[in-house]
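All remarks here apply to the structure that follows.
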Amino acid sequence: MTTSPTANWSYPTSIRFGAGRISELARAAKSAGFSRPLFVTDPGLAGLPITAAAMDVLKREGMEAQLFSDVQPNPVSANVAAGVEAYKAGGHDGVIAFGGGSALDAGKCIAFMTGQTRPIWDFEDVGDWWKRADPDGIAPIVAVPTTAGTGSEVGRAGVISNEETHTKKVIFHPLMLPKVVICDPELTVGMPPAITAGTGMDALAHCLEAYCAPSYHPMSEGIALEGMRLVKEALPRAYADGTDIEARAHMMSAAAMGATAFQKGLGAIHSLSHPVGAIYNTHHGLTNAVFMPYVLMQNRAAIEAKMGRLSAFLELPKPGFDGFLDWVMEMRSNLAIPHTLAELGLNSDKADLIAEMAVVDPTAGGNPVELTVEGARAIFDAAMSGTL
Ligand code: NAD
């Protein structure tokens, strides 16, 4: 029998971690200062027993909540606008964001936009644009992840696609950080293996890019290292046996750690994955997993020493950059991650556009080597043909 860790953490926000802790949902909302929540999730989750059980917890404790599930994967601004309308019409005083990154981001952005008068795109994560927001107009948020990948539950941003321009935009405000998070690994047990794989690789991508980003942030680097060790230990187990609660718990920690660490920066995996996701609606973590080895290869000269330390820390059989690359390739193959973008259904028609979008993505600045249009195009071409 495996055991599952339980703990309360106050970093980077208040986190109630442990199997079964969804039973504390109403108390979490109260401690975040609200009692009439809008419960934001996605249509797939809306029909699952874990959602009904969470709503029941609220009902049992006399908390009137309204379910809002008009949220698509890779959520768009119309989802946020509809949520804001539901929030106002229902006289709500806080948001419970329940789901994977899509529902969490939508819920966080709904809470953020309830009291703003400017369009959502005015709050993109550019310079100090967040200061344009009225901080008093941001509703409190309780976040409950049901996947273990994005770490959005501990982040201060939401990723929303602009349906007109087909671009993914990061909407940022420090007060978008949920006041309370419930990390209950039992909620992730029903994730099918393919989603377990894609979201788990997302957690790895966050830790890896944060670790490689050249800015000075030793705290983030330490968190990223341990996050990757947890992925190495737990992702194959969670994929093979979805009911392995200890593995599910470690993946939940790794996801939260990835998003905590990437305050340090991300890189070209994300810069390319964002436009691909916005144009082709591919799953974010899966797209990251496809790009991962090609980006590693392009960054090789700049990260060789770091990869040496990483491979040693992970106790990989082969040292150095090659040892880490081999491990990534093996993990991808064991998780049935496609090797090429072509297997995700892409062709090269929009390759130039994607390269141009990648270099202006806010994550490009964290890449260890400067991401140029030519460089982004070369990574795309390699990922298309499968040439490492
Ligand atoms: P997702 O939220 O899109 O969910 C994928 C699918 O899994 C959905 O169909 C959902 O219904 C289903 N699902 C979720 N939990 C389940 C469960 N417990 N059991 C069964 N099915 C379940 O996927 P995701 O990878 O968690 O999130 C991706 C989104 O997050 C993208 O829009 C991406 O851009 C965004 N993202 C945000 C951040 C951030 O920092 N805010 C970071 C990375 C990614």
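Below, each value reflects all heavy atoms present in this structure, side chains not excepted, and no hydrogens, waters or symmetry copies. Counting convention: from 1, in listed order, for ligands and their atoms alike.
Scanning the protein for heavy atoms near atom 7 (O) of ligand 1, the closest one is Ile195 CD1, 3.2 Å. Atom 44 (C) of ligand 1 has His284 CD2, 3.3 Å as its closest protein atom, hydrogens excluded (heavy atom only). What sits closest to atom 35 (C) of ligand 1 on the protein, heavy atoms only, is Asp105 OD2, 3.5 Å. Here the protein heavy atom with the shortest distance to atom 34 (O) of ligand 1 is Lys168 NZ, 2.7 Å. The nearest protein atom to atom 15 (N) of ligand 1, hydrogens excluded, is given as Thr146 OG1, 2.8 Å; this is a heavy-atom distance. Ranking protein heavy atoms by distance to atom 32 (O) of ligand 1, first place goes to Asn74 OD1, 3.3 Å.
Contacts of Val189 with ligand 1, taken as heavy-atom pairs under 4.0 Å, are absent altogether. If you look at Asp42 next to ligand 1, the close heavy atoms, those under 4.0 Å, all belong to the side chain. When non-hydrogen atoms are compared, ligand 1 lies under 4.0 Å from the backbone of Ala157 (N, CA, C, O) but not from its side chain. Residue-level proximity to ligand 1 for His274 is absent, since no heavy atom of it falls below 4.0 angstrom.
For Ser161 and Asn74, the side-chain atoms include no donor-acceptor pair closer than 3.5 Å. Remark: the Gln66 side chain and the His92 side chain contain an N/O donor-acceptor pair separated by less than 3.5 Å. A side-chain N or O of Thr287 and one of Thr282 form a donor-acceptor pair less than 3.5 Å apart. A donor-acceptor contact closer than 3.5 angstrom links the side chains of Lys108 and Ser152. Using a 3.5 Å distance cut-off with no hydrogens or angles, the side chains of Ser77 and Glu163 do pair a donor with an acceptor.
In this structure, Met297 and Phe321 have side chains that are in contact, with non-hydrogen atoms separated by less than 4.5 Å. At least one side-chain heavy atom of Pro293 sits under 4.5 Å from a side-chain heavy atom of Met329.
Listed by number with element, the atoms of ligand 1 under 4.0 angstrom from any heavy atom of Ile50 are 18 (N). Close approach of ligand 1 to Phe262 (heavy-atom distance below 4.0 Å) involves ligand atoms 40 (O). Proximity to Thr147 (heavy-atom distance under 4.0 Å) selects the following atoms of ligand 1: 14 (C), 15 (N), 26 (O). Counting the atoms of ligand 1 from 1 in the order shown, those under 4.0 Å from a heavy atom of Pro75 are 32 (O).
In this structure, Ser102 is part of the shell of residues with a heavy atom less than 4.0 angstrom from ligand 1. Assignment of Leu104 to the shell around ligand 1 is not supported, since no heavy atom sits closer than 4.0 Å.
Remark: ligand 1 and Leu187 share an N or O pair separated by less than 3.5 Å (distance only, no angle test). At under 3.5 Å, a nitrogen or oxygen of His283, whether backbone or side chain, sits near a nitrogen or oxygen of ligand 1.
Between Trp130 and Phe123, a ring centre-to-centre spacing not shorter than 6.0 Å is recorded. Taking the six-membered ring for Trp, Tyr294 and His339 have ring centres closer than 6.0 Å.
Hydrophobic side-chain contacts under 4.5 Å tie Ile96 into a cluster, directly or through other members, with Ile22, Leu25, Phe34, Phe39, Leu45, Leu48, Ile50, Met55, Val57, Leu58, Met63, Leu67, Phe98, Val142, Val144, Val180, Ile182, Leu187.
His270 and His274 have perpendicular rings, their planes meeting at more than 60° on a 0 to 90° scale where under 30° would count as parallel.
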